[in-house]
Colleague: 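The structure that follows is given in the form of structure tokens.
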Amino acid sequence: MNLSDVALAAQTAQKESLTLAEKGITSAKVVLTGFVVVFAMLILLIFIIKIYSAIVQKAQSAGSNSKKGKKNKDEKPAEKPAAAPAPVVTASAATDGISDEVVAVISAAVATMYGSSEKARIKSIKKSSDGGRSAWAKAGVLDNTRPF
Amino acid sequence: MNLSDVALAAQTAQKESLTLAEKGITSAKVVLTGFVVVFAMLILLIFIIKIYSAIVQKAQSAGSNSKKGKKNKDEKPAEKPAAAPAPVVTASAATDGISDEVVAVISAAVATMYGSSEKARIKSIKKSSDGGRSAWAKAGVLDNTRPF
Amino acid sequence: MNLSDVALAAQTAQKESLTLAEKGITSAKVVLTGFVVVFAMLILLIFIIKIYSAIVQKAQSAGSNSKKGKKNKDEKPAEKPAAAPAPVVTASAATDGISDEVVAVISAAVATMYGSSEKARIKSIKKSSDGGRSAWAKAGVLDNTRPF
Amino acid sequence: MEILQGFVDAVVGIFNSSGLTTLNWQNYVMIGISIVLLYLAIKKQYEPLLLLPIAFGMLLVNLYPSIMSAPSTEMIPLADYVKDHTGAIQYPITELNGAEYVNYPTNGGLLWYLYQGVKLGIYPPLIFLGIGCMTDFGPLISNPKSLILGAAAQIGIFLTFTGAIFLGFTAAEAGAIGIIGGADGPTAIFVTTKLAPHLLGSIAIAAYSYMALVPIIQPPIMKFLTTKKERSVVMEQLRPVSKLEKIMFPVIVVIIIAIFLPDAAPLVGMLMLGNLFKESGVVERINKTAQNELMNIITIFLGTTVGATASGQTFLTFATIKIIVLGLIAFCLGTAFGVLFGKIMYLATGGKVNPLIGSAGVSAVPMAARVSQKVGQQENPGNFLLMHAMGPNVAGVIGSAVAAGVLLNVVG
Amino acid sequence: MEILQGFVDAVVGIFNSSGLTTLNWQNYVMIGISIVLLYLAIKKQYEPLLLLPIAFGMLLVNLYPSIMSAPSTEMIPLADYVKDHTGAIQYPITELNGAEYVNYPTNGGLLWYLYQGVKLGIYPPLIFLGIGCMTDFGPLISNPKSLILGAAAQIGIFLTFTGAIFLGFTAAEAGAIGIIGGADGPTAIFVTTKLAPHLLGSIAIAAYSYMALVPIIQPPIMKFLTTKKERSVVMEQLRPVSKLEKIMFPVIVVIIIAIFLPDAAPLVGMLMLGNLFKESGVVERINKTAQNELMNIITIFLGTTVGATASGQTFLTFATIKIIVLGLIAFCLGTAFGVLFGKIMYLATGGKVNPLIGSAGVSAVPMAARVSQKVGQQENPGNFLLMHAMGPNVAGVIGSAVAAGVLLNVVG
Amino acid sequence: MEILQGFVDAVVGIFNSSGLTTLNWQNYVMIGISIVLLYLAIKKQYEPLLLLPIAFGMLLVNLYPSIMSAPSTEMIPLADYVKDHTGAIQYPITELNGAEYVNYPTNGGLLWYLYQGVKLGIYPPLIFLGIGCMTDFGPLISNPKSLILGAAAQIGIFLTFTGAIFLGFTAAEAGAIGIIGGADGPTAIFVTTKLAPHLLGSIAIAAYSYMALVPIIQPPIMKFLTTKKERSVVMEQLRPVSKLEKIMFPVIVVIIIAIFLPDAAPLVGMLMLGNLFKESGVVERINKTAQNELMNIITIFLGTTVGATASGQTFLTFATIKIIVLGLIAFCLGTAFGVLFGKIMYLATGGKVNPLIGSAGVSAVPMAARVSQKVGQQENPGNFLLMHAMGPNVAGVIGSAVAAGVLLNVVG
Ligand code: NA
Ligand code: NA
Ligand code: NA
């Protein structure tokens with residue numbers, strides 16, 4: 001049975017509806033298949049993630065040991081843990097209790113919005129290391145992702 | 001007479017154009033219909049707006065009287081008059097020249113725009129006279145143009 | 001030979017491929033034509049640019065001489081050299097804080113972007129009560145609505 | 001020798017397919033007109049957001065008419081095709097009266113594809129979506145009588161219809177021409193694509209030109225029809241409108257208008273959806289996109305392709321001149337009837353309504369309302385009519401859409 | 001006299017084509033339902049970004065059904081056509097059984113055109129592109145066992161399939177209904193357009209409604225199935241994940257899933273492309289646009305047109321009620337199985353896993369994870385489960401896509 | 001028993017339709033290549049904005065070829081259809097030689113729909129629109145002689161054409177291959193879709209790769225062809241260009257080029273429309289959208305779908321290797337002729353022109369200009385050639401478009 005046939009059949013009076021036994025068999029088949037395949041796929045993913053994660057971690061720790069001090073600058077982006085806390089914000093802009101990141105987030109929107117009509121001078125801003133998205137911005141993103 | 005016929009007729013030589021009398025009748029008909037229907041519709045809207053406005057206002061004033069002090073926070077957005085003046089901006093921002101926020105605003109945009117490949121600290125940005133694009137921004141634009 | 005034919009021919013086994021002589025002739029023809037036409041076009045552009053540039057410059061210098069002091073304001077945008085350095089931003093923005101308008105602009109943008117879910121502290125800016133849009137921002141919106 | 005011959009042939013081929021041989025005098029005239037329009041858009045800033053793309057589209061189509069060509073399929077007799085080609089035939093073959101033909105396709109021009117959004121009536125409602133996101137109906141809800149002025153200013157549409165009929169246009173064409181008096185770009189384009197697509201270029205250009213000229217066209221009419229005393233009336237402050245009223249407004253209006261005049265539903269529906277985005281306050285993400293990026297993208301496509309309908313052959317006709325004259329008349333009549341009904345309201349309210357706000361009923365948001373403000377201030381510098389004029393102004397948008405619905409129903 | 005007759009005819013014509021005569025009771029009921037949904041979207045803020053456009057689309061299509069009409073071509077007998085028209089015939093002519101017919105085209109309605117992106121399966125993957133740009137798979141990479149919970153929560157999909165079969169739905173319909181339990185809007189819409197497009201309105205509305213109700217539906221089930229001790233488990237902090245692991249994740253996942261379940265490739269492919277935009281950090285320009293403007297534009301079109309599939313006649317059927325009940329069951333079963341497998345992991349790990357994070361496996365990102373956090377904190381205010389629940393939460397998105405692939409393959 | 005049989009059948013069905021049985025070795029090789037390209041895009045940052053989507057599109061199409069499948073209609077004999085289906089027939093029926101067939105439609109793949117913008121020539125001009133908004137032609141207007149260098153660098157295109165012809169490509173294919181030397185992505189794609197669509201994947205990938213490698217490819221050629229003295233030339237400062245000249249430039253250029261070479265009109269027209277948006281200064285709204293959101297959306301669609309044309313069977317051919325070699329030759333020749341004509345200008349001006357700016361004539365804006373700057377500074381650290389090189393650089397964009405017009409006319 002294929003896609004359009006079903007749609008067709010569904011939209012018209014269903015002359016030949018399934019017997020109770022057929023219903024049972026179809027259902028059991030789909031439940032069983034769904035259960036097995038979904039679990040099989042996701043368990044396969046578990047193993048693959050574990051394997052490649054282990055390889056990456058080993059490679060990176062080996063790399064960072066052997067090259068420490070040499071390629072520090074190069075390695076930094078790859079090593080920096082994404083889930084780590086981000087306490088780095090320098091104090092320059094932070095005297096008033098809002099971190100640079102928060103400031104930047106808010107203001108980014110503004111500037112994006114108002115573009116070059118703005119006349120203010122920018123004194124200093126630093127990009128955060130993990131893709132520029134602070135914890136605060138993450139929360140906002142989550143809020144936006146929600147409805148989809 | 002319906003849409004496409006007219007278009008068709010219009011685009012070809014109009015063999016049978018209207019007599020003067022027909023023109024007058026058609027015109028009078030359309031003017032009369034248009035006048036009556038447009039006014040009827042908009043006057044209908046007037047009445048409906050008046051009625052629902054009255055109901056809303058009565059409901060809200062009743063609501064705010066009975067619940068005053070209780071649900072104040074809830075009701076506020078609904079009661080707040082839209083046409084009220086907005087004289088509020090406090091002076092705090094004005095003490096330190098340009099607030100960090102403003103600074104951040106602009107630079108955030110820049111960061112948004114030019115992504116993580118950018119490492120420079122922005123010390124000061126000035127609006128250039130030619131279309132609002134500074135030399136610095138131009139460089140950024142060039143970066144973005146590159147891959148196309 | 002035209003577009004689709006070629007595509008067609010290309011995608012199928014090319015039964016009748018060109019002889020070496022034909023290849024040479026075709027190539028030479030295309031190289032010669034390409035060379036001549038591309039140079040002809042771009043040299044034509046050189047002359048045209050030179051001519052209109054000269055006219056514009058003469059007209060503008062004549063204009064600015066004859067009208068100097070009169071229509072200064074009008075002429076400025078046209079005369080201002082694009083490549084000139086742009087040292088102009090007055091210090092006013094830095095000394096008197098930020099005008100109310102700038103403040104309003106920024107906050108409007110923030111509100112537009114982050115809506116009411118926003119919890120960040122904005123020190124110097126208060127949300128106007130009617131949907132976050134200040135009088136100044138409204139004027140901007142109107143300006144934008146105008147042409148439609 | 002053969003090489004040189006090939007070179008000469010190639011250059012001759014380039015020359016023969018160049019505009020120097022394929023363009024006609026109308027195209028060159030249109031190129032001149034488009035440059036004038038570019039000048040007006042850039043130097044005079046007449047509605048540049050629309051006029052600049054329109055003028056450039058006009059320029060492009062007259063330099064290179066194929067940029068608006070529809071995709072086509074040529075029926076080449078099979079024998080001819082096989083003779084000229086090697087390899088398998090990749091196109092469908094049709095048998096017609098015993099002979100076989102290869103269906104040989106050609107792509108359309110760039111602007112033809114982008115134009116489909118105009119032709120199928122998609123772009124104007126989407127622009128209305130963005131406008132809805134930016135429109136504050138507060139002044140109208142606060143003073144619903146403004147709707148009378150928004151209706152009055154549409155009378156010009158129907159009277160101009162009469163004029164167009166007598167100048168020899170068909171009923172459908174006359175309807176499209178009349179709608180210029182609605183002073184509303186997307187409505188004019190929407191109606192014209194349905195009633196008289198062949199006039200789209202002329203009507204769109206007339207509509208946007210007169211909208212740009214509102215500050216020049218309206219004041220003399222307003223002053224001629226009103227007394228100094230009327231123009232000096234200071235109106236009472238509008239009552240504040242609650243958020244709930246503003247949220248209910250788009251829902252109620254779309255229900256009423258879509259039920260009574262279904263032909264206006266796409267325009268009014270999108271306008272009110274946008275307004276609900278704005279007033280609900282719960283969908284800021286899409287509200288912002290609808291009024292900015294989406295509207296800007298559509299504006300670029302709509303402007304450029306509407307301009308590209310004005311190729312020399314279709315634009316340089318006596319009909320265009322008639323349309324330009326009729327459009328001006330429609331505009332003036334709309335203004336005049338707005339002011340006259342303002343006078344009636346002035347009398348009916350015992351002098352509480354300043355008749356100058358009537359002219360804002362033509363729409364042309366927000367320019368017409370500004371003109372009311374400005375003319376009012378010339379009499380009394382302390383008089384602020386702007387917010388009072390915004391009521392008729394946005395009412396005029398609704399009024400034009402209603403008038404469009406009537407025309408589509410009656411002459412469509 | 002003739003004028004008056006014409007006027008009366010015109011008004012009668014307007015009346016006859018108005019909704020007053022063309023709409024039926026189902027349309028009016030649907031208008032009421034759409035207003036209720038608007039109320040829920042605006043006042044209660046139930047998924048307003050989708051529910052508001054959906055409700056408005058529903059309103060529009062029931063006020064003016066033609067807004068969703070497909071373009072059509074009428075075959076008018078040539079003689080009839082010529083009788084009514086002057087001028088040359090501009091449309092193709094078809095010969096059929098000896099008689100000639102003019103192929104007379106009519107444009108489709110506005111929302112029909114915008115709906116093609118839903119019908120052809122274009123919008124849902126593009127929304128997944130934007131979601132991918134906003135999703136952090138870090139918690140999942142850090143704790144890949146979360147995938148078991150993301151799989152467990154899909155069991156509800158297949159059990160609901162059984163229920164739907166026994167309630168008389170066809171296998172394909174049952175598949176589309178079951179996917180509501182996936183708690184994933186774009187996946188539900190993608191699957192439904194392929195398996196049972198006639199149920200799209202009901203299924204989409206059920207899916208988004210239950211996603212909005214996650215904070216109400218899930219907690220009782222979670223509490224019923226867990227002990228106080230289980231709910232109090234404090235989990236170990238997640239290990240940090242390197243940037244390289246995050247970059248490799250989307251590439252590896254898309255390869256595995258697209259090879260094994262090609263039907264899921266458009267959804268998973270776009271999700272992972274978006275995620276690669278985000279994690280690579282080298283394409284900020286398009287990353288930003290994909291998750292903002294592009295997604296917002298698609299959201300407007302998708303929401304409005306999905307709502308517009310719910311015309312009275314198709315929506316007000318007994319099937320819709322069954323779908324709503326089955327959807328709720330699917331949701332509850334998904335939650336329950338997620339929690340139960342959480343309990344299994346609790347036992348298997350000797351009490352290191354808090355079973356509350358299992359309910360987040362249904363997806364409904366990030367609301368379901370927040371519910372886990374909140375219910376956990378009710379037992380132990382110092383317990384922060386949010387990041388731990390994000391693992392199963394994003395795993396649920398992948399799980400739903402896999403389940404979709406299975407259904408499309410088995411019953412499609 | 002029957003259940004188990006059904007389960008086994010279903011799993012076998014999933015396996016049989018999985019990539020494990022449907023993909024061939026070419027697909028797996030391409031998956032590997034796409035991962036290498038992803039690595040180059042992300043780690044080496046070679047044109048990531050284009051290369052990342054291209055590589056991902058290549059990955060997707062080789063994992064799941066149907067993602068690029070065209071919609072199709074199957075002709076099923078009526079009797080067969082009726083046998084397998086219940087209910088009324090919803091599809092058109094065709095009579096063919098006395099037998100009746102049901103026209104049974106299947107949707108196309110996601111990327112096939114998005115690819116239409118490439119195939120129909122819509123995306124490249126729209127990207128040029130955005131580029132026009134970001135391009136400053138000031139340095140070119142200031143020093144129009146730069147156009148000679150912009151012309152010289154196109155010689156590589158035509159010489160490579162010769163090479164391609166002798167390697168056995170058809171004239172049209174050779175034209176598309178040559179255009180790689182134009183170092184201009186949208187132009188290469190635009191020309192290739194018209195002349196040799198089957199080579200699109202190889203040509204696009206070659207073009208973007210070499211553009212990314214400009215800083216590596218050009219310097220040795222530049223140094224080989226110039227003396228130390230020539231490289232040390234310090235050029236005079238450019239004269240300032242007035243706003244009016246900048247506004248007139250796009251209008252004049254589009255008129256000249258569209259008239260003489262209509263085939264280049266879509267590209268040049270959109271480039272100049274964008275530039276007029278920028279220079280006019282009166283349409284900031286649409287200027288900003290054209291160069292940001294619109295261009296980003298198109299970039300995503302164009303990149304992904306161009307990559308998706310590189311399925312294993314079409315890409316892994318000897319032709320691809322030839323294209324890659326020829327593309328490199330085209331690039332090198334372009335650079336060399338630019339520098340050589342720079343030397344001619346050096347001589348003609350008595351040493352006022354630094355020949356290093358000639359290499360910037362290939363386009364690859366602005367990377368090629370930066371390379372000129374960098375190589376110049378190696379001789380004389382105080383020498384700033386950047387703005388001088390921007391003239392030939394933007395001239396190269398115009399030059400490539402002109403060359404494209406010539407090729408489309410002569411071999412198209
Ligand atoms: Na109006
Ligand atoms: Na799920
Ligand atoms: Na070039």
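Computed from heavy atoms alone, side chains included, the values below leave out hydrogens, waters and symmetry copies. Chain letters run A, B, ... following the sequence lines, proteins first and then strands; every chain starts at 1.
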Colleague: Taking side chain as everything from C-beta outward and backbone as N, CA, C, O, which of these in C:I48 sits under 4.5 Å from a heavy atom of chain F? Side chain, backbone, both or neither.
Modeller: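 Contact with chain F is through the side chain of C:I48 alone.
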Colleague: Heavy-atom cut-off 4.5 Å, strictly under: side chain, backbone, both or neither for F:A152 against chain C?
Modeller: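 Interface part for F:A152: both.
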Colleague: With sequence neighbours excluded, what pairs up with F:F137 under the ring pair (Phe, Tyr, Trp, His ring centres under 6.0 Å) test?
Modeller: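 Ring pair (Phe, Tyr, Trp, His ring centres under 6.0 Å) list for F:F137, sorted by chain: F:F249.
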Colleague: So, taking the atom named CZ in C:F35 and the one named CZ in F:F337, what distance separates them when rounded to the nearest 0.5 Å?
Modeller: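 C:F35 CZ to F:F337 CZ: 8.0 Å, rounded to 0.5 Å.
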Colleague: Return yes when atom NZ of F:K119 has more than 12 non-hydrogen atoms of other residues, nucleotides or ligands closer than 6.0 Å, and no otherwise.
Modeller: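 For F:K119, atom NZ is not crowded (no more than 12 foreign heavy atoms under 6.0 Å).
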Colleague: Against chain F, label C:I49 side chain, backbone, both or neither, depending on which of its atoms sit under 4.5 Å from a heavy atom there.
Modeller: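 Answer is side chain: those atoms of C:I49 sit under 4.5 Å from chain F.
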Colleague: Checking F:E236 against F:H388: is there a side-chain donor and acceptor pair closer than 3.5 Å?
Modeller: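 Their side chains do not contain a donor-acceptor pair, so the 3.5 Å distance test is not met.
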Colleague: Given F:S242, which of F:E245, F:R239, F:K246 fulfils the side-chain contact (heavy atoms from CB on, under 4.5 Å) condition?
Modeller: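 Exactly one pass, corresponding to F:E245.
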Colleague: Given C:E22, which of C:T19, C:I25, C:L20 fulfils the side-chain contact (heavy atoms from CB on, under 4.5 Å) condition?
Modeller: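 Exactly one pass, corresponding to C:T19.
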Colleague: Heavy-atom distances under 4.5 Å only: say whether C:V30 touches chain F with side chain, backbone, both or neither.
Modeller: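 Both backbone and side chain.
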Colleague: Among F:I256, F:L159, F:I398, which residue has the highest count of heavy-atom pairs closer than 4.5 Å to chain C?
Modeller: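 Highest number of pairs under 4.5 Å: F:I256.
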Colleague: Which residue out of F:L140, F:L407, F:I252 racks up the most heavy-atom pairs below 4.5 Å with chain C?
Modeller: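 Greatest number of close heavy-atom pairs with chain C: F:I252.
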Colleague: Taking every heavy-atom pair that is under 4.5 Å apart, which of F:V253, F:I247, F:L199, F:I155 has the most such pairs with chain C?
Modeller: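 Among F:V253, F:I247, F:L199, F:I155, the one with the most close pairs to chain C is F:I155.
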